[in-house]
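Naming convention: chains lettered A, B, ... in sequence-line order (proteins, then strands); numbering from 1 in each chain. Everything numeric in this text was worked out from a predicted model, so none of it was measured.
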Amino acid sequence: MQGIVIPITMVPGNSTIHRMNPLPKLLWTLGILALSFSTRNIAVLGVAFLIGLLLVFYSGITKAYVRVAMILFPISLTLITLQSIAPAFPRPWTAIVGFGPFTIYQEGIYSGISLLLRIMAMTTWAMVTIMTSHPSDIFTSLKKIGMPYVLNFIFVMTLQLIPILQSEFGIVLNAQKSRAMKGSGFGAILPSMVPVFVGAIERVQQLSISLESRAFGSSGQKTSFRQVRMAFSDYVALFLGFLVPGAATYWVIVDKSLDWSHSMVFSPAFAITLVLGATIGFLIFVFFAIRAALSA
Amino acid sequence: MSDKKPIIEFKGVTFWYGGANDKPAIKNINLTIHEGEYVALLGLNGAGKTTLQLCINGVIPNSIMGEFEGEVIVYGNDTYDTPVREMAKFVGMVFDNPEFQLSQMSVAEEIALGMESLGFSYDEMTKTITEVLEIVGLRGLEDRSPFGLSGGQQQRLSIASALAMRPKILVMDEPTSNVDPIGKEEIFAVAEQLNREKNMTVIMAEHEVEVMAAYADIVVVMHEGEILLNGTPEEVFSNVDLIHKLGLRMPQVTEYAHRLNQLNLASIKKPYPVTLDSAVERFKDIL
Ligand SMILES: Nc1ncnc2c1ncn2[C@@H]1O[C@H](COP(=O)(O)OP(=O)(O)OP(=O)(O)O)[C@@H](O)[C@H]1O
Ligand SMILES: [Mg+2]
């Protein structure tokens with residue numbers, strides 16, 4: 001099981017992006033999120049994705065990013081396969097080519113590519129933010145702009161609980177193996193879940209007692225141990241984070257000429273190659289994922 | 001000890017956890033603890049030590065379900081209607097399962113958690129973190145994840161987190177169960193030092209009889225939820241027969257004195273010596 005789990009956490013480094021305050025990073029990510037949801041234009045989404053990739057290289061988190069993308073990308077490829085035969089697009093659809101019992105549609109290919117780019121653009125930007133910011137700093141800066149302390153704590157705790165549960169899961173699996181129960185494959189996973197979750201509840205109860213005993217939730221003035229500073233450059237980045245994605249979002253909403261869903265025409269050969277490629281890419285991923293799960 | 005101020009008073013306290021167990025975990029506990037006392041709680045597994053300790057900061061009856069009778073008064077506060085987080089201002093708790101107490105990303109943040117809630121300034125926090133890590137011997141681990149520490153280190157961290165809040169009362173539940181022998185010595189010494197120098201009241205549940213006999217002012221022996229003995233180590237360990245009957249261990253020198261009497265090799269008067277030094281002093285004349 002451990003083999004499949006990819007931690008998405010901070011990658012230590014000292015790039016300009018690492019040294020930025022988390023708030024402008026979060027704002028930019030939110031901005032790109034808004035932009036991505038406001039358009040299907042392949043060029044706009046592609047550029048957002050590309051800039052995200054440049055930031056990945058620039059901040060030196062490429063290895064960690066690729067490890068996550070290797071899972072995310074093949075799964076997202078199914079969007080192309082599914083969309084091509086059943087577009088999430090208002091009818092009428094224009095058929096490009098018949099494919100056994102299926103028909104591949106012009107709108108489907110367009111929608112598949114734009115959904116894929118949308119997901120990749122958003123996740124790439126989000127990963128840049130997460131992988132270049134210390135989690136505590138993210139929470140501390142959110143606390144500063146008014147996120148409730150308790151909510152903040154829940155996030156930190158959840159982040160902690162995931163690896164613990166993972167390791168407990170491994171312990172339970174091994175215990176079951178040593179009692180000659182099926183210790184690998186999917187058959188073993190379900191019975192292992194029960195003790196892990198019972199353990200998690202117990203852990204949460206114990207923790208809440210421990211927290212209360214350390215004055216958690218007191219009524220008085222609270223202070224913060226982690227200090228996150230806003231430098232001048234952070235204010236500039238924050239300002240640009242409002243301006244640039246905001247303006248871009250406004251533009252893609254207003255400018256009707258950005259709807260390329262019919263002006264961009266795909267040839268039958270291109271459509272078949274793309275759909276087959278996407279499907280095969282996904283199947284290869286599934287094959288390796290199952291093999292990893294069974295051998296863990 | 002009569003000149004000292006009583007700060008913890010148990011008055012007829014009985015607690016049932018409920019569920020299938022129809023016997024109370026502690027029954028009719030009457031106990032007074034004075035400021036600056038070092039109290040050792042002894043008893044077999046299930047005797048009720050942890051339960052009694054959880055009553056001191058009001059986790060019982062406020063946060064643990066069950067049926068509660070009687071009254072616990074700590075520094076004038078009735079624990080029944082004082083929130084646990086208020087009690088935290090003067091009672092520090094070190095629980096017996098440290099790995100379940102952790103929640104933060106780094107050792108420093110783990111220690112800061114309680115201080116943040118009490119509104120310590122940033123400077124105070126950094127200073128205190130260094131101080132308490134020094135005390136428990138974890139200096140240099142500030143930035144490590146608490147979850148990546150060994151069991152003994154987690155136990156030390158849990159002590160540091162409690163100390164950081166500057167409690168008047170330190171309640172420790174088998175704080176050295178995961179710690180190596182040298183570490184045990186250190187932790188007992190720390191507790192003793194805080195007790196002596198800062199007049200901190202220490203209430204320690206422990207199975208290490210020898211050490212408790214040496215450090216504690218008061219030994220409380222529990223059995224099946226009741227307090228059977230309560231007094232100075234000398235007074236308590238002089239009840240050799242009862243302690244044997246309960247299946248508890250005694251300091252070896254006390255056992256030795258008792259055997260000498262039994263075999264008519266000497267007649268050592270009660271109270272028996274409980275530490276090596278006092279035994280040497282007493283046996284000097286006989287041997
Ligand atoms: N959460 C609980 N729910 C139900 N019963 C409990 C619970 N905790 C303890 N008990 C019961 O209460 C009694 C006293 O337990 P307690 O934990 O106080 O003993 P202890 O002296 O601390 O033992 P140990 O030396 O093992 O730590 C035992 O009979 C125990 O089974
Ligand atoms: Mg106990």
(request) Residue by residue, scan residues 222-242 of chain A and write down, ordered by number, those that have a heavy-atom distance under 4.5 Å to chain B; if none do, write 'none'. (result) A:K222, A:T223, A:S224, A:F225, A:R226, A:Q227
(message) Holding to side-chain hydrogen bond (donor to acceptor under 3.5 Å, both in side chains), I want the full list of residues that pass it with B:K49, two or more places apart in sequence or in another chain.
(response) none
(request) Report yes if the side chains of B:L113 and A:L211 come closer than 4.5 Å at any heavy-atom pair, otherwise no. (result) yes
(message) Just verifying a value: how many Å separate B:S117 OG and A:E212 CD, rounded to the nearest 0.5 Å?
(response) 11.5 Å
(message) Heavy-atom cut-off 4.5 Å, strictly under: side chain, backbone, both or neither for B:E110 against chain A?
(response) both
(message) Report which part of B:F100 has an atom under 4.5 Å of a heavy atom belonging to chain A: side chain, backbone, both, or neither.
(response) both
(request) Return yes when atom NZ of B:K168 has more than 12 non-hydrogen atoms of other residues, nucleotides or ligands closer than 6.0 Å, and no otherwise. (result) no
(message) Quick check on the structure: residues of residues 75-89 of chain B within a heavy-atom distance below 4.5 Å of chain A, by number.
(response) B:V84, B:R85, B:E86, B:A88
(message) With rounding to the nearest 0.5 angstrom, report the CD to CG distance, B:E99 to A:L207.
(response) 11.5 Å
(request) State the CD1-OG distance between B:I56 and A:S213, to the nearest 0.5 angstrom. (result) 11.5 Å
(request) Could you walk me through whether A:R214 and B:S161 pass side chain to side chain contact (heavy atoms under 4.5 Å, CB included), step by step? (result) CA-CA 8 Å; A:R214 286 191 276 162; B:S161 306; 3.8 Å; yes
(message) Looking at chain A, which one of B:G92, B:A108, B:A164 has the largest number of heavy-atom pairs inside 4.5 Å, strictly under?
(response) B:A108
(message) Quick check: under 4.5 Å, non-hydrogen atoms only, which of residues 58-73 of chain B neighbour chain A?
(response) B:V59, B:S63, B:I64
